[in-house]
Amino acid sequence: MTYTATVVGANGFTGGELCRLLVGHPNFDLVQATSRSNENRTLGHAHPNLRDIDLRFSSPDDLKSVDTLFAATPHGVSMSDIDRFQDAADTVVDLSADFRLPAESFYDDYYDGHSCPELLESAVYALPELNREKLSGAAFIAAGGCNATATILGLLPLVENGVLDGDEQVVVDVKVGSSEGGASGGEAASHPERSGVVRPYAPAGHRHEAEISAFLGLDVAFSVHAVDMVRGASATCHVFPEEPVSKADLWQDYRGTYDEEPFVDLVAGGGGVYRYPEPKSVAGTNRAEIGFELDPESERIVVLSAIDNMMKGSAGQAVHAANIALGIDEKTGLTQRGLHPVGAP
Amino acid sequence: MTYTATVVGANGFTGGELCRLLVGHPNFDLVQATSRSNENRTLGHAHPNLRDIDLRFSSPDDLKSVDTLFAATPHGVSMSDIDRFQDAADTVVDLSADFRLPAESFYDDYYDGHSCPELLESAVYALPELNREKLSGAAFIAAGGCNATATILGLLPLVENGVLDGDEQVVVDVKVGSSEGGASGGEAASHPERSGVVRPYAPAGHRHEAEISAFLGLDVAFSVHAVDMVRGASATCHVFPEEPVSKADLWQDYRGTYDEEPFVDLVAGGGGVYRYPEPKSVAGTNRAEIGFELDPESERIVVLSAIDNMMKGSAGQAVHAANIALGIDEKTGLTQRGLHPVGAP
Amino acid sequence: MTYTATVVGANGFTGGELCRLLVGHPNFDLVQATSRSNENRTLGHAHPNLRDIDLRFSSPDDLKSVDTLFAATPHGVSMSDIDRFQDAADTVVDLSADFRLPAESFYDDYYDGHSCPELLESAVYALPELNREKLSGAAFIAAGGCNATATILGLLPLVENGVLDGDEQVVVDVKVGSSEGGASGGEAASHPERSGVVRPYAPAGHRHEAEISAFLGLDVAFSVHAVDMVRGASATCHVFPEEPVSKADLWQDYRGTYDEEPFVDLVAGGGGVYRYPEPKSVAGTNRAEIGFELDPESERIVVLSAIDNMMKGSAGQAVHAANIALGIDEKTGLTQRGLHPVGAP
Amino acid sequence: MTYTATVVGANGFTGGELCRLLVGHPNFDLVQATSRSNENRTLGHAHPNLRDIDLRFSSPDDLKSVDTLFAATPHGVSMSDIDRFQDAADTVVDLSADFRLPAESFYDDYYDGHSCPELLESAVYALPELNREKLSGAAFIAAGGCNATATILGLLPLVENGVLDGDEQVVVDVKVGSSEGGASGGEAASHPERSGVVRPYAPAGHRHEAEISAFLGLDVAFSVHAVDMVRGASATCHVFPEEPVSKADLWQDYRGTYDEEPFVDLVAGGGGVYRYPEPKSVAGTNRAEIGFELDPESERIVVLSAIDNMMKGSAGQAVHAANIALGIDEKTGLTQRGLHPVGAP
Amino acid sequence: MVDCIECGADVSLYDDIEAGEILDCGTCGVELEVLNVDPTELDTAPELQQDWGE
Amino acid sequence: MVDCIECGADVSLYDDIEAGEILDCGTCGVELEVLNVDPTELDTAPELQQDWGE
Ligand SMILES: NC(=O)c1ccc[n+]([C@@H]2O[C@H](COP(=O)([O-])OP(=O)(O)OC[C@H]3O[C@@H](n4cnc5c(N)ncnc54)[C@H](OP(=O)(O)O)[C@@H]3O)[C@@H](O)[C@H]2O)c1
Ligand SMILES: NC(=O)c1ccc[n+]([C@@H]2O[C@H](COP(=O)([O-])OP(=O)(O)OC[C@H]3O[C@@H](n4cnc5c(N)ncnc54)[C@H](OP(=O)(O)O)[C@@H]3O)[C@@H](O)[C@H]2O)c1
Ligand SMILES: NC(=O)c1ccc[n+]([C@@H]2O[C@H](COP(=O)([O-])OP(=O)(O)OC[C@H]3O[C@@H](n4cnc5c(N)ncnc54)[C@H](OP(=O)(O)O)[C@@H]3O)[C@@H](O)[C@H]2O)c1
Ligand SMILES: NC(=O)c1ccc[n+]([C@@H]2O[C@H](COP(=O)([O-])OP(=O)(O)OC[C@H]3O[C@@H](n4cnc5c(N)ncnc54)[C@H](OP(=O)(O)O)[C@@H]3O)[C@@H](O)[C@H]2O)c1
Ligand SMILES: [Zn+2]
Ligand SMILES: [Zn+2]
């Protein structure tokens, strides 16, 4: 079965990534990709990896009727255009934060409110590792934030297995690449200013705390640093459990949660160069690498989680969720393998 | 039809890339991957992108009998072990320089001679754009050098169409990533010393001049610079034709040579950010981007050529040639798409 | 007054940095620089920024008699050679960890013991912000570790002002550049493997915990990540005070501790691109940038600290301490200004 | 003697670099730094390395009367404001291309003409290695372009010594960092798009050909590539002399031209990691590294030249020239030493 | 197949495995020494942990 | 001080220089072998050129 698909915001980074995934997906037929600034130009004009695709950007004002619409637009656009999106497609997958959080109060607390709160309840959070069942048959899907995704995947086994129940101290220190800022970055995103940084761009008060709180029930202390890579989000979660845990327990918990998951790899310790999760090992793939280390002195678990923010952290997660929603084998179109060696993808 | 395959030197960079390609190739079954230093360890120990592959390195001393053997060993190894390789497999594809050049004299002039010159004639140079016919059914294939490949692909249309006939001045200025040095780099390859460089590591007298001379009949002035990327080779060829040419002529020549080629894209001019060939646009793919610009003042053609040295410049070229040799559809296993945005892959 | 000086280990990274500082210092005369591997070669052979210096490496076995000897050797060398160093010079400044910690027990717990514990007491820890008084006239100085220095400078005002008294939870998440590994890095330090990483190379159990414990009286939860830069260490300290603090209080504490310090800048908030401490802003300088942010929700202070590991984190700190020990104006030779724009120094 | 100084365009990259140099220069007193966009803000707001400087940006509309004015504004501004600049200061040093070329015809051919051609003759080209005598006492100085500077310094000894007399084939292949584009880069200058590139941004027809033609009398074939660094310009000049030359001849020529030059180092061949000129070796300094290699086969000289575009390629050259013009020791304020190791400054 | 001592995952073995050989666990990467074959018994080989540099 | 064989620049020497030692030229970086002392004679030592990798 093939589903026709539209990408709104296809000129941007996650929109371009959606196009990359959809043109390689046997069950989707990309029929429309919108851009206001590059209307009528080929997709290859914006995305050199799509030069062979015979499709031109069209205006988001004229949405074709399709089976599935993916929206990859800045915060606020989906909120205001959701009716048009739902009119145009049976299934809508939104990559923005507009429908991620399950209650209006989150938008009041962390954003500037919400203009369409009545739809919040109908949107299903896209992370399959958390929500696979609800995704089946869903008509409205909201993909998670990349930093939140990295964090949730790292901590989920601890929550599921009762190591964390919400009262413990958890510090999450995230390092992200420059593609997280989207294609329209300003002065701080210019190459001379952004190269070589370890820049604490959100040392406190990051909005993704809301997602983690909503979906894991944890109030984590969250900080995000920009580092010199383009793709990738890496979360280091410093966890202080109430009861001492052993490495064997942790392995059991993590394997229990993830052994059957097609897109999560456990990576922890051992030899060689790549001993722990690293964003460059998963760049270009829909995989998450998850690992941990135990610090007996401080009775701390250090959980490490690495994803590609363009993939598992947005477009890949969106397609994964759409696969599940539409009853397609969930791995379809998402089996790209990573590279080695590879620099700073 | 499925062919069993061995990779000798699988611990190294191009050997790892061969493994990546072969495990994703429907017509190959990777049954052996050798490493002396990591014997018995999983492939994932050396290559984090192969963690899911259930295969362990074995010793190159015990070669299984297979259909196809790929050798990705340092210069000199194939020369001395070629008999063992040919005993173990019906088809041998060598990635080193050991059998690339068509006559012993090249090895006397550019290397330290050759210990097995009698086999030179039987080896077919792997570049399909140059040698597709000879590759069909070939039992012994020698993959090209990455800098030579980038250069040959850039200049081939000018040679084929008589713009160059061997007497013109051609300067080739190449920029390459650090993976070209292989996995065993010394002090100069360490991150602190190698980062951020524009390092003229072979300003004159580079051995790849031999290949260009042998296969294009051109004596080019060749210089290679190391720059800060991991994958990629980019050749800028400054060509001074005897007769003035027009852009229209050039387009005709380049399209004539490459219109039917599945792995060559012409990229020249236009708008947007990506107007000319760039290595990061082809990273992880088997594609070459080729373009040109014309400088009326100096009656110069500037030919630009970009490849991934791990792919089109070695492992990808090897698999491409093997596909042709074995009668498999030549694109099989080589259709990976590039990424956008992407940093310094 | 001019002091003759020797650098042992001058071929290495911090040894080369010491040479850079000493040849530009009006009160020092660099008369000997040792290297075993580059004996008789010019300093410029190893350090391209010292090509104009008319001095050749000599053997560490023949130490000239000088006023001051700086040792920049791997862990263990000073321990065994300290007698020779002290015989050769009135003042010895050691950059290794060999004499940093004040008691043998630390070496038993965090290292493999100590072969010369009787001298531990006589060594003065070099960090002037902590130890300025003891440094005056000191004959034996041990420079701090780079990650420990970044952390101690970040947390010192909280300790001095009683916000922290040792029982609070403190998580320190450090990001460091590749020069921290020294000039002799192995496979993991090669450019292809080390580029673009966010690599948790010491998620738990890092030895610098010992220093922080010894000099601040805090048992911090410590993790170190390698990121893609050459110079720089950046510590993010997540601090959970027992009593709520206000930003005004924090400013007062930090200004109280650092207002008179010549090499500490407070950087916190404000506008523009550079709002918080960043390693690239202090690269090549002896400055530390220190800042903080307050997270009301989690009652967390996020302290940010950035230094150049080659300077404030080792060679600069060593010269700074030597200045104080010898009664030279402490800023002498250390007033290099940083660059803007600058990439990944 | 101390000269008061103004920097117009101080918010930009070369303007900021001028401020860095002037505040550390014993004979200059920086009294005004203009910015329209950051009026009234501190210099540290734009330039984190100037946080300690007690000066605020002011409007370029109110120019104080000073001894020396440096203009670091985009092409076209000086042309139109030169009267105001000359009214405000006895000595004007312009960093733009507006008065670099000695005749209006160059502006007609390479730019969009010139609005103030009558002043072209009075402007002295700033490169001291070329023009030291004319600079003495000059009241109007035009600093060279960075790519042209790198090229001219590389080829000057060949011109001076008659190896080149204007008829030979010379190909110049330049690699530059992102700071060359100034602080106001657009989409192509964003970190995700600009990272990891080897991007032929001016394969043919670069305007700096005009400068090389004007000051060396050579019509070179010129191409410029953007590579992944922030500071630095590296020119590889492929030179085909009419008569064969020997390495000994070349050494004599290069040493003859540069032995007495305080800011030119010859670097060619030898051992170790740094065998040829490299931009990262000169980053942050006013030095040029110049070297060469000889290719007997093709009778080619490969000249290598590396500078920091912010320093020798603009702001440093400007201060150097001002020193000479004003009779100050020419090295004053320009003796910053480079770093080792260093990444991609 | 035997269970990894460190993480509990299946460790893939190979023909002609011999006592004394070192292999790694494909899941957690730990280095394991073959103590006995038939049945295969493994132990961790921590002394093999390479230093990573610091 | 003697002249460099490669580039002609002065090569700085040092006390107690001995025949057979290797030193480099500070200008062109070439590796030089000390053939004789008193007076000092140098020759290039090309076999020492390290390979740079490719
Ligand atoms: N980047 C990440 O890593 C990441 C991860 C998770 C989630 N997300 C979320 O995904 C969304 C897209 O992010 P991005 O990074 O791809 O941003 P982006 O690169 O800035 O792309 C957004 C695109 O949306 C288009 N657009 C803007 N306003 C529009 C409107 N009113 N109607 C239709 N199209 C409009 C723009 O193209 P035209 O102006 O040409 O139309 C633009 O290229 C955001 O909500 C972001 O929070 C991003
Ligand atoms: N890198 C490139 O971009 C590129 C491009 C074109 C062609 N090539 C050519 O491809 C070949 C491999 O290059 P590479 O970059 O992959 O090198 P590499 O990373 O150094 O890998 C070579 C591997 O060969 C193994 N090996 C060494 N000596 C051996 C021997 N005597 N017998 C069996 N195995 C041996 C080594 O593994 P163990 O020690 O563990 O056995 C090593 O990992 C070279 O000939 C190179 O010139 C490379
Ligand atoms: N890198 C940093 O950021 C940093 C920061 C703080 C402290 N430190 C400490 O500073 C010390 C030096 O670090 P580094 O990074 O500069 O290391 P490095 O680059 O590896 O340099 C050490 C040098 O010591 C020489 N050496 C080795 N063994 C010796 C011996 N037995 N006797 C005499 N010389 C010997 C070596 O040169 P030859 O073999 O040629 O003699 C080598 O170049 C270490 O203790 C390190 O922990 C480093
Ligand atoms: N970057 C290099 O490597 C390099 C090398 C050689 C020569 N140059 C030349 O140096 C000049 C400056 O280059 P840059 O890279 O420093 O550029 P930049 O970073 O873009 O800075 C130019 C500054 O000029 C100011 N400005 C713009 N229009 C102005 C006007 N009409 N009046 C007064 N100020 C104005 C702007 O600040 P406000 O808007 O805040 O006033 C801006 O920050 C250019 O002509 C360039 O060609 C640059
Ligand atoms: Zn295991
Ligand atoms: Zn010399």
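All values derive from a computational prediction rather than experimental measurement. Note on naming: letters A, B, ... go to the chains in the order of the sequence lines (proteins, then strands), and numbering restarts at 1 for each one.
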Kindly write out the residues that satisfy ring-ring contact (aromatic ring centres under 6.0 Å, His included) with Phe57(A), not counting sequence neighbours, or none if the list is empty. none
To the closest 0.5 Å, what do you measure between OG (Ser37(D)) and CD (Glu187(A))? 7.5 Å
Sort by residue number and list every residue of residues 224-232 of chain A having at least one heavy atom under 4.5 Å from chain D. Asp228(A), Met229(A), Val230(A)
Salt bridge (Lys or Arg N to Asp or Glu O under 4.0 Å) contacts in which one or both residues fall within residues 335-345 of chain D, not counting sequence neighbours: Asp52(C)-Arg337(D)
At a heavy-atom separation under 4.5 Å, does Ala344(D) approach chain A through its side chain, its backbone, both, or neither? neither
Provide the closest heavy-atom pair for Ser178(A) versus His191(D) in the form atom of the first, atom of the second, distance. OG-ND1, 2.6 Å
Within residues 197-207 of chain D, which positions have a heavy-atom distance to chain A below 4.5 Å? none
For atom CG of Asp61(A), decide whether the heavy atoms of other residues, nucleotides or ligands shown that lie under 6.0 angstrom number more than 12. yes
